[in-house]
Amino acid sequence: MIFNALVFGALLAHSASAQNMLRFACSQLTIERADPLVNPGMVPTPHTHQIIGGNSFNISMEPGTFDPVKESTCTSCTYSEDFSNYWTASLYFRSPENGSFHRVPQFANVGLQQDGGMTVYYMPYSAQNNKMTAFKAGFRMLAGDPSETKNNRISICHRCLGNGEGFAPCDSKDTAELPKKYCPKGIRATIIFPSCWDGKNLDSPDHRSHVAYSNAGGLGTPRCPSSHPVAIPQVMYEVMYDTGRYSDQKYYANGKQPFVYSFGDALGYGQHGDYLFGWKDDSLQRAMDALPTGRCANANCSVLKIQSAQDSMKCKKKQHYQENVGQNGEWLKELPGGVKVMN
Ligand SMILES: *[C@@H]1O[C@H](CO)[C@@H](O)[C@H](O)[C@H]1NC(C)=O
Ligand SMILES: *[C@@H]1O[C@H](CO)[C@@H](O)[C@H](O)[C@H]1NC(C)=O
Ligand SMILES: *[C@@H]1O[C@H](CO)[C@@H](O)[C@H](O)[C@H]1NC(C)=O
């Protein structure tokens, strides 16, 4: 196991005192079939996403012309200068009794206060010479791939909480796939983004090739490949799914588990995350530069503007395509968009 992952794990285990990274809550902004990165302009898109961040989120957000900082009037994140959008697939419980679907609600991570949404991390572990180059306006990227059929635990993983937790994110106690057993304290989905950039392109046709994982993949190690020499903050999402409520042991009989992602993946290899940068001015760079000074950590970075949990929870947005995706706990006869369960 790499040293940095060990350090990170130790920090994470004591997250209240963890230094040297931002770790903060973003509440739910909207849950809808929209994806301005992969399917710009399409209403509705094939599958449901849960979206957090600035309320300028729209079906189309062209780099260079669309400015989330100018267009947003609020953000669902702790840091009120962060109008970025972050999104992932939603997770559904499929009843083995009647085949109906129920969106798995989310809960707040340790020490945080939020309404659904996710935990967002900006980590410096890949910093070369301790220097981190924050993203430029218009930057966006993807991690994971809904069509992934291989185990890629290094960047996409699930932890079965309440069952003998692991240490660092995506370590050997985590699984690439959705856990096959009952997870009484929830399932934590982790999405780790690349930490190296080609230094030129804000995006690329596949939204991936302008960025790269550092040499050992997954959580950053100190060296970026020469094709992508610029160390960028390593973005990571954690999504805390409240699976404890689906406790009937028969849901987990015969090595099966009852959960499926909104794009039909019941295995979980295809979990993915989208990132669209939208921090105001140089605020993210300021925060990255302040990390080594100890004046900036987690959800209490003194060089950034912080809003109350109440204010961040108030920032909501109506769906562009209005439909029932189980956002209020409704049971659905099928996955939104008629998506079929694949595996
Ligand atoms: C979304 O985009 C459309 C046009 O593309 C625009 O008319 C609308 O005002 C935008 N909404 C928000 C909230 O930015
Ligand atoms: C389907 O079954 C679940 C239990 O597995 C139950 O809670 C739910 O109410 C049922 N839904 C419908 C629409 O029958
Ligand atoms: C946040 O940091 C400031 C100093 O930068 C400190 O006074 C305050 O107690 C911290 N708050 C929390 C909740 O950690």
Side-chain angles (χ1 to χ4, degrees), residues 27-35 43-52 87-109 114-118 146 156-165 174-191 238-272 313 316-343:
S27 292
Q28 202 64 68
L29 181 72
T30 177
I31 305 174
E32 62 173 321
R33 285 197 287 143
D35 191 339
V43 196
T45 56
H47 64 257
T48 308
H49 285 123
Q50 43 173 336
I51 298 130
I52 58 174
W87 63 97
T88 68
S90 300
L91 187 69
Y92 290 84
F93 167 77
R94 176 175 47 157
S95 165
E97 282 141 349
N98 54 33
S100 296
F101 296 88
H102 186 247
R103 193 180 64 83
V104 182
Q106 287 141 229
F107 60 95
N109 213 332
Q114 65 198 97
D115 166 25
M118 316 175 203
I156 301 290
C157 67
H158 298 91
R159 177 164 298 180
C160 187
L161 299 169
N163 244 320
E165 265 78 285
D174 291 356
T175 51
E177 64 272 17
L178 285 159
K180 294 272 192 288
K181 56 191 171 189
Y182 175 51
C183 301
K185 297 259 172 66
I187 291 176
R188 187 184 79 185
T190 300
I191 297 157
E238 284 178 348
V239 196
M240 311 298 281
Y241 290 110
D242 181 9
T243 56
R245 61 179 63 210
Y246 310 99
S247 58
D248 195 324
Q249 285 304 317
K250 69 174 179 286
Y251 299 154
Y252 307 88
N254 306 317
K256 290 214 179 301
Q257 61 84 27
F259 303 106
V260 55
Y261 277 113
S262 55
F263 53 101
D265 184 1
L267 185 58
Y269 288 177
Q271 169 64 321
H272 56 283
M313 288 190 260
K316 301 284 180 213
K317 189 169 176 86
K318 277 219 303 261
Q319 293 172 321
H320 292 88
Y321 181 75
Q322 298 198 9
E323 64 174 337
N324 182 1
V325 295
Q327 58 270 53
N328 298 310
E330 306 90 338
W331 284 90
L332 306 173
K333 285 214 160 30
E334 57 177 9
L335 288 172
V339 169
K340 296 283 171 265
V341 178
M342 295 184 296
N343 36 30

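Sequence positions, counted from 1, serve as the residue numbers for this chain. Both counts, for ligands and for their atoms, begin at 1 and track the order of listing.
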(message) Donor-acceptor check, side chain of Glu32 to backbone of Gln322, threshold 3.5 angstrom: yes or no?
(response) no
(message) Could you report the tightest heavy-atom contact between Ile31 and Ser90, atom names first, then the distance?
(response) CG2-OG, 3.8 Å
(request) Given side chain to side chain contact (heavy atoms under 4.5 Å, CB included), test Phe93 with Arg245 step by step and report yes or no. (result) CA-CA 10 Å; Phe93 167 77; Arg245 61 179 63 210; over 6 Å; no
(message) Could you check whether Tyr246 and Tyr251 have their ring centres less than 6.0 Å apart?
(response) no
When you measure from [atom] to every protein heavy atom, which one gives the shortest distance, and what is it?
atom: atom 14 (O) of ligand 2; answer: Asn98 ND2, 3.0 Å
atom: atom 4 (C) of ligand 2; answer: Glu97 OE1, 2.9 Å
atom: atom 7 (O) of ligand 2; answer: Trp331 CZ2, 3.3 Å

(request) For ligand 2, note which part of Phe101 has a heavy atom under 4.0 Å away: side chain, backbone, both or neither. (result) neither
(request) For atom 13 (C) of ligand 2, state which one of Ser100, Pro96, Pro258 supplies the nearest heavy atom. (result) Ser100
(request) Could you tell me whether Lys250 and Glu97 make a salt bridge, using a distance below 4.0 angstrom between a side-chain N and a carboxylate O? (result) yes
